[in-house]
Amino acid sequence: MLHNIRIVLVQTFHPGNIGASARAMKTMGLSDLVLVNPRCHPDPEASRLAAGAEDLVDGARVVASLAEAVADCVQVVGASARLRSLPLPHYDEPDAMARELVGNAADDPVALVFGRERFGLTNDEIRCCSHQVSIPANPDYGILNLSQAVQVLAYEVFKAWRRRPESDYRPARPAGERQPTREQLGHFHDHLGRVMQASGFLNQPHARTEAQLQALFARAQPSRRELSLLRGLLSALERSGPGH
């Protein structure tokens with residue numbers, strides 16, 4: 001679905017903005033970049049600011065007009081800070097736009113269009129769009145850099161995609177942060193009980209100490225790595241206890 005979502009940059013003046021936009025795209029799983037008449041492309045500055053997303057810059061398609069860039073799209077959303085007097089549906093909130101865009105991207109290509117750094121999209125270019133969207137910002141200073149605008153809307157699109165049940169999205173988690181199994185927790189509590197008995201800490205047969213400690217660790221939710229650290233501490237205490 002994300003492969004059907006296209007980012008279109010119209011007549012980008014600074015090549016660094018192309019690279020920074022590619023980086024913003026890649027962090028959000030987007031890969032289809034189309035450039036409409038960029039002032040300078042390719043350019044080393046674009047590759048430098050891509051910072052790991054050089055493949056998107058190198059693979060970007062360059063076309064002569066916005067109409068050509070979006071000809072195969074079923075929905076084209078123009079990002080605009082200024083509202084025009086064109087009768088286009090307008091999204092007041094980017095998240096609402098993203099939900100509809102992602103839904104349409106399930107079957108067909110769609111596009112997010114960003115205009116020139118200084119004055120955005122012309123009226124003729126907005127006529128190539130089916131919708132407009134604005135990014136709510138400080139009314140006294142609502143100016144976003146091109147790549148910042150790409151990042152905000154790309155994030156909203158990625159968020160809308162990962163919340164769909166079919167996305168099967170799972171954030172990457174280091175192995176050390178995985179939760180322990182019930183068996184591993186059982187071994188830990190058995191180990192803790194033996195150490196407490198051997199140390200004389202537990203000397204009342206009906207004390208609820210063990211149950212209270214189990215509740216404490218249940219609230220703490222230690223990871224596997226943390227549980228292993230605690231087991232190591234208990235083993236060290238056993239080795240240094242009475243008779244050692």
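Every value quoted in this text rests on a predicted model; they were computed, and no experiment measured them.
Nearest heavy-atom pair across Pro222 and Pro180 is O-CD, 3.0 Å. Of all heavy-atom pairs between Val70 and Cys128, the closest is CG2-O, 4.2 Å. Closest approach of Pro94 and Val133 over heavy atoms only: CA-CG2, 4.1 Å. Ser130 and Leu88 get closest at one heavy-atom pair: O-CD2, 3.9 Å. The minimum heavy-atom distance linking Val150 with Ala24 is given by the pair CG1-CB, 4.1 Å. For the residue pair Ala22 and Leu33, the shortest heavy atom distance occurs at CB-CD2, 4.4 Å.
Between the CG atom of Leu153 and the CD1 atom of Ile5 there is a distance of 11.5 Å, given to the nearest 0.5 Å. Put simply, OG1 on Thr12 and CD1 on Ile18 are 4.5 Å apart, with the number rounded to the nearest 0.5 Å. Remark: His189 NE2 to Gln184 CD distance equals 12.0 Å, nearest 0.5 Å. For the atom pair CE (Met25) and CD (Gln151), the distance works out to 11.0 Å, reported to the nearest 0.5 Å. Rounding to the nearest 0.5 Å gives a distance of 11.5 Å between CG of Leu56 and OG of Ser47. Atom CD of Glu210 is separated from atom CG of Leu192 by 7.5 Å, given to the nearest 0.5 angstrom.
A donor-acceptor pair under 3.5 Å is formed between the side chain of Glu117 and the backbone N or O of Phe13. Checking side-chain atoms of Ser167 against main-chain N and O of Arg163 turns up no donor-acceptor pair under 3.5 Å. Under the 3.5 Å distance criterion, the side-chain polar atoms of Lys26 are matched with a main-chain donor or acceptor of Gly52. Judged purely by atom type and a 3.5 angstrom limit, Asn17 has no side-chain atom pairing as donor or acceptor with the backbone of Leu146. A donor-acceptor pair is defined here as one N or O able to donate and one able to accept, closer than 3.5 Å; such a pair exists between the side chain of Ser134 and the backbone of Ser80. Judged purely by atom type and a 3.5 angstrom limit, Glu100 has no side-chain atom pairing as donor or acceptor with the backbone of Met97. No donor-acceptor pair under 3.5 Å is formed between the side chain of Gln197 and the backbone N or O of Arg194.
A heavy-atom distance below 4.5 Å is found between the side chains of Glu93 and Pro136. Inter-residue side-chain proximity for Arg224 and Gln179 is flagged as unmet; no heavy-atom pair is nearer than 4.5 Å. Leu121 has its side chain within reach of Val113: a pair of non-hydrogen atoms, C-beta onward, lies under 4.5 Å apart. When side chains are defined from C-beta on, Phe114 does not count as touching Val8, because their heavy atoms never get closer than 4.5 Å. Taking 4.5 Å as the limit, every side-chain heavy atom of Gln148 sits out of range of all side-chain heavy atoms of Val152. Residues Phe217 and Leu230 form a side-chain contact, since some pair of their non-hydrogen atoms from C-beta on lies under 4.5 Å apart. Side-chain contact between Glu238 and Val195: present, with at least one pair of heavy atoms (C-beta onward) separated by less than 4.5 Å. Looking at heavy atoms from C-beta onward, Arg231 lies in side-chain contact with His187 at the 4.5 angstrom threshold.
A donor-acceptor pair shorter than 3.5 Å can be found between the side chains of Asn145 and Ser147.
When the salt bridge (Lys or Arg N to Asp or Glu O under 4.0 Å) test is applied to Asp72, the partners found at least two apart in sequence or on another chain are Arg6. Taking the salt bridge (Lys or Arg N to Asp or Glu O under 4.0 Å) definition, one finds that Glu166 meets it with Arg164, sequence neighbours left out. With sequence neighbours left out, Asp95 forms a salt bridge (Lys or Arg N to Asp or Glu O under 4.0 Å) with Arg99. Residues that satisfy the side chain to side chain contact (heavy atoms under 4.5 Å, CB included) test with Glu45, not counting sequence neighbours, are Pro15, Asp43, Arg48, Leu49.
In terms of hydrophobic clustering, with Ile, Leu, Val, Met, Phe, Trp and Tyr side chains grouped at heavy-atom distances under 4.5 Å, Val102 and Val74 are assigned to a common cluster. A continuous path of hydrophobic side-chain contacts links Val110 to Leu35 [ILVMFWY only; heavy atoms under 4.5 Å].
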Start with the C-alpha distance between Leu9 and Ser21, add both sets of side-chain angles, then the distance that settles side chain to side chain contact (heavy atoms under 4.5 Å, CB included), and finish with yes or no.
-> CA-CA 9 Å; Leu9 307 182; Ser21 296; 3.9 Å; yes
Check the pair Arg116, Thr122 against side chain to side chain contact (heavy atoms under 4.5 Å, CB included), reporting the backbone distance first and the verdict last.
-> CA-CA 9 Å; Arg116 300 154 190 81; Thr122 66; 4.0 Å; yes
Does the side chain to side chain contact (heavy atoms under 4.5 Å, CB included) test come out yes or no for Ser235 and His191, once each step is laid out?
-> CA-CA 9 Å; Ser235 296; His191 195 172; 3.3 Å; yes
Going through the distances and angles, do Val34 and Val63 end up as a side chain to side chain contact (heavy atoms under 4.5 Å, CB included)?
-> CA-CA 7 Å; Val34 176; Val63 299; 3.9 Å; yes
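Under the ring-ring contact (aromatic ring centres under 6.0 Å, His included) criterion, the residue pairs touching residues 126-151 are Tyr91-His131, with sequence neighbours excluded. Applying the ring-ring contact (aromatic ring centres under 6.0 Å, His included) test to residues at least two apart or on different chains, none of the pairs has a partner in residues 17-57.
Comment: Asp32 does not engage Arg61 in a salt bridge, judged by the lack of any side-chain N to carboxylate O separation of less than 4.0 angstrom.
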